[in-house]
Amino acid sequence: MNPCVAIKDGGLFTPLKLQNITLKNRVLRSATYEGLGDPSGCPRTELANVYRNLAQGGVGAIITGFVYTSQAGRAMHPSQCGIDDDKKTEEWKTIIEQVKNDFPDIRFFMQLAHTGRQTRSEVTGQPAVGVSSKKCTYFRQPVTVLSCNEIETIIREFGQAARRAKAAGFDGVQLHAAHGYLIHQFLSPWTNTRRDRWGHPHLFLEETIRAVKSSCGQNFPLLLKLSAADDNTPGIRLSDTIETIQRMESFHIDAVEISYGTMEYALNIIRGTCPVDLVLHANPLFNKTPRIFRNLWKIFREKSYTSRFIPFDKNYNMEAAAQIKKATSLPVIVVGGIRDKESMITALTTYGLDAISLCRPLICDPDWPQKIKAGLSLGSACTNCNVCTIQCDSPQPLQCHQNMKKELR
Ligand SMILES: Cc1cc2nc3c(=O)[nH]c(=O)nc-3n(C[C@H](O)[C@H](O)[C@H](O)COP(=O)(O)O)c2cc1C
């Protein structure tokens, strides 16, 4: 039996020692795009308030929203932050220092990401690049195949980005290897059809880890976020992810965080449905299209589009994370649909997972972990309306739509 069983709240609020770092508890803020980068990708000062609220609200660690490592790897989200040049290090440092001054026991991880084909060239100012020329059906961009030299440059850029994150005061970095971004594109047979040495699904991830370790030192904490599986055929299945994680055991990874899916079926990362009219209004993939075509899309395509959504189900990655935990010696964190205290405790005690992470519940209420600890709340107020997700495509900072509605009342 897991020794946490006898401990209060299943050990949720006991320290978690990962390989090279200790977190004060086992409730993490999963990476969440905050929409607080200026047009050049520098983090705006308001980001410190977001992190201060999260730290005050009781999470043990904050993983930033995805931060781009080079201009070509920017996402479509207009206010994404970057760490692609040394000037940005200072901006990040100011933010991290401010929050750590007030909350010395909070731990920060910067999530490093390259979008590969999952972006728009209008945003990057460059052609979308990818492992192969296969287009993403969501972004519909022609994809320029990366040469071996370009792949090596991107790996070096990950290393430089991690070095900057360390210099800015981050306690570690997380490589975004999930959700169909570039590392996932290398891992997946859906996109990785290369015949050169980069056709090996794990090589890019391994070389990226080596680059981070070589620029930050072997002991600098490193997390991985992986999709347990995705919806493409051929795509990634749980057995592939288990194999990937087992291969990573020799690389001194501090923990793996288990998520799901790719942007090809974007809603399936977060589950549930969304207001389609808002997508047509806010998403630049649709809102630049003349109204008549949008109306035709609604008549002829909406049904087939929404029929691919997987309904929201609580704890939807927990079974997969539990399978992974059984197969690896690495600490495992689970994210996805965790909406009540009981599920958090189950994750730790029944499934033996090491920690849980939260995204939407903390957009809705950053104080939720503190309320759970104090016995003031059992369940999240998040309704999974997913408006926060759709609004990521607008230049506005991230907000909870439910809270906005309450404020307007
Ligand atoms: C508004 C929003 C922004 C997100 N931004 C990121 C991100 O920057 N990086 C990332 O890996 N996942 C991101 N995600 C996915 C979440 O980290 C998480 O995997 C997913 O929302 C499921 O967790 P939840 O049920 O607690 O929301 C985002 C999700 C939402 C809703």
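Just so we're clear, the structure is a prediction, and the values are computed from it rather than from any experiment. For the single chain, residues carry numbers from 1 onward in sequence order. Both counts, for ligands and for their atoms, begin at 1 and track the order of listing.
- Scanning the protein for heavy atoms near atom 15 (C) of ligand 1, the closest one is H179 CE1, 3.8 Å.
- Within the 4.0 Å heavy-atom shell around ligand 1 one finds R339.
- The Q111 neighbourhood of ligand 1 comprises atoms 7 (C), 8 (O), 9 (N), 10 (C), 11 (O), with distances under 4.0 Å to a heavy atom of that residue.
- In this structure, the side chain of R29 does not engage the main chain of A61 through any donor-acceptor pair within 3.5 Å.
- Counted within 6.0 Å of CD on E342, heavy atoms from surrounding residues, nucleotides or ligands total 12 or fewer; the atom is thus considered open.
- With hydrogens and angles disregarded, a donor-acceptor distance shorter than 3.5 Å links the side chain of E264 to the backbone of T137.
- At a heavy-atom cutoff of 4.0 Å, ligand 1 is contacted by the backbone of L358 but not by its side chain.
- Between F108 and Y51, a ring centre-to-centre spacing shorter than 6.0 Å is recorded.
- Other residues, nucleotides and ligands place more than 12 heavy atoms under 6.0 Å from the CZ atom of R140.
- A donor-acceptor pair is defined here as one N or O able to donate and one able to accept, closer than 3.5 Å; no such pair exists between the side chain of D38 and the backbone of R44.
- At least one heavy atom of Y316 sits closer than 4.0 Å to an atom of ligand 1.
- Of the protein's non-hydrogen atoms, Y33 N, 3.6 Å is the one closest to atom 3 (C) of ligand 1.
- With hydrogens and angles ignored, the 3.5 Å screen pairs no side-chain donor or acceptor of D84 with any backbone N or O of T69.
- Shown in contact with V335 at under 4.0 Å from a heavy atom are these atoms of ligand 1, numbered in order with element: 18 (C), 19 (O), 23 (O).
- With a 6.0 Å cutoff to the six-membered ring centre and a 45° limit on the axis angle, R271 counts as a cation-pi contact of Y260.
- Under the 3.5 Å distance criterion, the side-chain polar atoms of R117 are matched with a main-chain donor or acceptor of K134.
- Residues F186 and H200 keep their aromatic ring centres 6.0 Å or farther apart.
- Counting heavy atoms under 4.0 Å from ligand 1, residue A113 does not touch it at all.
- The nearest heavy-atom contact from the protein to atom 29 (C) of ligand 1 is C359 SG, 3.4 Å.
- Annotation for ligand 1: atoms under 4.0 Å from non-hydrogen atoms of I270 are 20 (C), 21 (O).
- Checked by distance only, ligand 1 and A31 come closer than 3.5 Å through their nitrogen or oxygen atoms.
- Within the 3.5 Å criterion, the main-chain N or O of Q185 finds no donor-acceptor partner in the side chain of S188.
- Close approach to G337 involves these atoms of ligand 1, each under 4.0 Å from a residue heavy atom: 24 (P), 25 (O).
- Near P361, the atoms of ligand 1 lying under 4.0 angstrom from a non-hydrogen atom of the residue are 26 (O).
- Nearest protein heavy-atom neighbour of atom 8 (O) of ligand 1: F66 N, 2.9 Å.
- Heavy atoms of C392 approach ligand 1 to within less than 4.0 angstrom.
- Applying the 6.0 Å contact sphere to NZ of K93 captures no more than 12 heavy atoms from other residues, nucleotides or ligands.
- By the criterion of a heavy-atom distance under 4.0 Å, neither the backbone nor the side chain of R271 is placed next to ligand 1.
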(Q) Between H401 and N386, does the side-chain hydrogen bond (donor to acceptor under 3.5 Å, both in side chains) criterion hold? Intermediate values first, please. (A) CA-CA 8 Å; H401 183 71; N386 291 334; over 6 Å; no
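- Those atoms of ligand 1 that come under 4.0 Å of a heavy atom in S30, given as number and element, are 17 (O).
- In S259, the part holding a heavy atom less than 4.0 Å from any atom of ligand 1 is the side chain.
- The distance between the ring centers of F309 and Y265 does not fall below 6.0 angstrom.
- Among all protein heavy atoms, the one lying closest to atom 27 (O) of ligand 1 is R360 NE, 2.7 Å.
- The protein non-hydrogen atom at the shortest distance from atom 31 (C) of ligand 1 is T389 OG1, 3.4 Å.
- Near G65, meaning under 4.0 Å from one of its heavy atoms, ligand 1 places the atoms 8 (O).
- Close contacts of ligand 1 with K225, meaning ligand atoms under 4.0 Å from a residue heavy atom, involve 10 (C), 11 (O), 12 (N), 16 (C), 17 (O), 19 (O).
- Residue contacts with ligand 1 for N386 are absent, since no atom lies close enough (heavy atoms, distance under 4.0 Å).
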